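Here the structure comes first, spelled out in structure tokens, and everything after it is commentary.
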Protein chains: 2
Amino acid sequence: MPPRESFNAYFKSAFTVDNVIFGFDEGKLKILLIRRNEEPYDNYWALPGYFVMQDEDLDAAAQRVLREMVGLENVYLEQVHTFGAPGRHDFGRVITVAYYSLVKIADVSPKASGVAQEVMWHPVQDLGELAFDHGEIVSVALNRLKRSIRTRPIGFELLPPAFTLTDLQHLYEAIWETDLEKRNFRKKILSMDLLKDLGRSQEGVAHRPAKLYSFDEDRYQALMDEGFNFELREGKRK
Amino acid sequence: MPPRESFNAYFKSAFTVDNVIFGFDEGKLKILLIRRNEEPYDNYWALPGYFVMQDEDLDAAAQRVLREMVGLENVYLEQVHTFGAPGRHDFGRVITVAYYSLVKIADVSPKASGVAQEVMWHPVQDLGELAFDHGEIVSVALNRLKRSIRTRPIGFELLPPAFTLTDLQHLYEAIWETDLEKRNFRKKILSMDLLKDLGRSQEGVAHRPAKLYSFDEDRYQALMDEGFNFELREGKRK
DNA sequence: GGGCTTATTGTACAATTAACACTATCTTTG
DNA sequence: CAAAGATAGTGTTAATTGTACAATAAGCCC
């Protein structure tokens with residue numbers, strides 16, 4: 001083995017994870033941002049992220065950031081892309097591995113901590129300029145999400161354990177920024193046999209209450225084993 | 001800004017790019033591997049990759065590796081995933097950003113260089129144990145490729161500038177490991193209007209020669225502008 | 001009970017996919 | 001030069017899936 005020393009010059013970089021945390025609320029897709037309280041980008045909104053520890057796996061680091069910033073464990077998490085333009089960080093060469101996560105907004109209790117003065121949900125359609133290259137990261141993550149929800153039943157991660165078909169449809173509409181046709185959407189999603197009818201209905205609404213469903217995890221596993229392919233479509237463009 | 005020094009402890013990692021270079025030849029999907037001639041993993045086959053320079057962009061580093069190892073520029077390149085398990089490299093904390101690239105095998109003139117004693121194409125179905133975690137990287141890249149060719153017309157990057165419809169079909173079949181129905185495949189691909197009929201045919205074959213086509217880049221751009229969606233399917237599972 | 005609001009459901013037509021077999025054209029060989 | 005061998009090329013039908021579209025149902029509020 002060549003002496004480790006001959007490669008010393010390369011061991012001068014740092015890397016971080018940044019988390020695009022998606023939530024769904026008030027019919028809108030939102031992401032959780034923190035407001036920085038130090039330079040660089042003092043006062044800018046930024047993605048929750050931090051340095052990866054020397055002996056920590058990347059996924060674990062992303063999980064840790066989630067735990068520390070929003071107090072959640074075992075959340076849906078997916079690596080998206082790695083950003084490493086030479087000038088993207090003032091401290092030196094910092095490359096960041098971007099993740100996105102899907103959380104149920106009701107479960108989140110954001111805690112201010114350290115660099116995060118404030119933690120807040122922002123509608124994805126209405127983010128100002130973000131710190132560093134975080135605007136670009138969000139954009140890449142959002143595109144990934146739009147694709148992923150077509151072929152994986154991950155939308156449910158954003159909804160409470162019991163939801164209505166209308167909730168589910170609104171979720172897809174918000175993410176894709178399209179309108180879906182109600183009857184066709186229901187027919188399609190019900191035909192997949194992935195929803196458990198909970199046998200109860202909404203309460204406290206001023207109209208006919210909708211039936212509540214949950215995602216049937218076990219059924220999904222079983223279907224996957226026989227080669228089932230989840231797929232929803234955004235429908236014809238006008 | 002906090003003193004740069006307070007973060008020094010984090011600036012002790014190195015990162016590399018590793019390239020899964022796909023080619024298509026003899027009806028098989030292949031990847032280009034180098035045989036290492038130093039520890040660790042002396043004599044193992046490995047992905048072409050190297051450290052990223054301090055002031056070099058990630059994509060640029062991947063391009064550089066391609067240029068140095070196989071003498072190609074302007075090749076189709078896509079970032080796949082970043083691997084950073086703490087123990088994955090003996091020299092210290094090394095995370096690697098994996099790319100895949102699609103090349104026309106005839107264009108490639110692999111050059112032995114540095115750590116690469118030997119450079120050789122290997123059928124993806126028949127790789128032994130690879131160095132480091134490169135086996136896993138290949139597997140992730142391959143899955144990504146299988147998905148990507150469904151919705152992007154990138155298969156052409158693997159074929160010579162003039163190819164037959166049968167070539168194209170075999171390419172998809174090799175990547176997906178399925179059989180496609182000839183008439184349906186042709187109908188579908190021709191209906192997309194993405195192929196330019198070159199008006200000439202194969203030569204030197206001992207049977208009826210097939211017409212030659214090329215991918216019509218301009219046409220594709222035009223179609224994209226009007227919202228066209230490329231999509232091919234693997235067909236029904238048996 | 002009437003009005004308001006959202007939930008729920010079915011049908012007909014269009015488009016796409018899937019299955020399937022024969023003829024055409026070239027080379028090689030006897 | 002005829003026959004054999006090999007791959008190219010092509011069209012129709014049935015089944016499935018997608019799309020468009022509107023009336024009735026069920027609860028709440030007054």
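Computed from a prediction, not measured in an experiment: that's the story for all the values here. Chain naming here is simple, since letters A, B, ... match the order of the sequence lines and numbering starts at 1 in each.
In terms of the side chain to side chain contact (heavy atoms under 4.5 Å, CB included) criterion, residue partners of A/R186 (sequence neighbours excluded) are, by chain and number, A/L165, A/T166, A/K182. The side chain to side chain contact (heavy atoms under 4.5 Å, CB included) test applied to B/F230 returns B/P153, B/Y172, B/M192, B/L194, B/F228, B/L232, not counting sequence neighbours.
Under the 4.0 Å criterion applied to side-chain N and carboxylate O atoms, A/R152 and A/E78 are assigned as salt-bridge partners. A salt bridge links A/E177 to A/K146: one of the charged nitrogens lies within less than 4.0 Å of a carboxylate oxygen.
A distance-only check finds a donor-acceptor pair linking the side chain of A/K188 to the backbone of A/E231 [under 3.5 Å]. No side-chain donor-acceptor contact under 3.5 Å links B/N19 to the backbone of B/P48. Not a single donor-acceptor pair under 3.5 Å links the side chain of A/Q79 to the backbone N or O of B/H81. Judged by distance alone, with hydrogens and angles left aside, the side-chain atoms of B/H134 form a donor-acceptor pair with the main-chain N or O of B/L47 at under 3.5 Å.
Within 6.0 Å of atom CG in A/N74, 12 or fewer heavy atoms from other residues, nucleotides or ligands are found, so the atom counts as exposed in its surroundings.
As a whole-Å value, the separation of B/E181 CD from D/dG9 P is 15 Å. A straight line from CD of A/E203 to C1' of C/dA7 spans 16 Å, rounded to a whole angstrom. A/L232 has its CG atom 12 Å from the P atom of D/dT19, to the nearest Å. Here the P atom of nucleotide C/dC26 and the NZ atom of B/K211 are 12 Å apart, to the nearest Å.
Residues of residues 182-201 of chain B having a heavy atom closer than 4.0 Å to DNA chain C, listed by number: B/R183, B/N184, B/K187, B/K188. Of all the residues in residues 159-173 of chain A, A/T166 reach under 4.0 Å from DNA chain C with at least one non-hydrogen atom.
Of the inter-residue distances, the one linking B/D25 atom CG with B/L171 atom CG reads 11.5 Å to the nearest 0.5 angstrom.
In this structure the side chain of A/L33 never reaches within 4.5 angstrom of the side chain of A/M120, judged on heavy atoms.
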A correct 5'-to-3' footprint of nucleotides 24-30 of chain D, with B, S and - meaning base, sugar-phosphate only and no protein heavy atom under 4.0 Å, is -BBBS--
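Partner A/Y99 forms a side chain to side chain contact (heavy atoms under 4.5 Å, CB included) with one of A/I21, A/V65, A/L58, A/D18 and no other, that one being A/L58.
Defining each end axis of the helix from C/dG1-D/dC30 to C/dG30-D/dC1 as the rotation carrying four pairs' C1' atoms onto the next four, with five pairs an end, the two axes are found to diverge by 10° to 10 degrees.
Among the protein residues, B/Q202 comes within range of no part of the nucleic acid, since none of its heavy atoms lies under 4.0 Å from any strand.
Using the six-membered ring where Trp is involved, A/F163 and A/F156 have ring planes that are tilted, between 30° and 60° apart.
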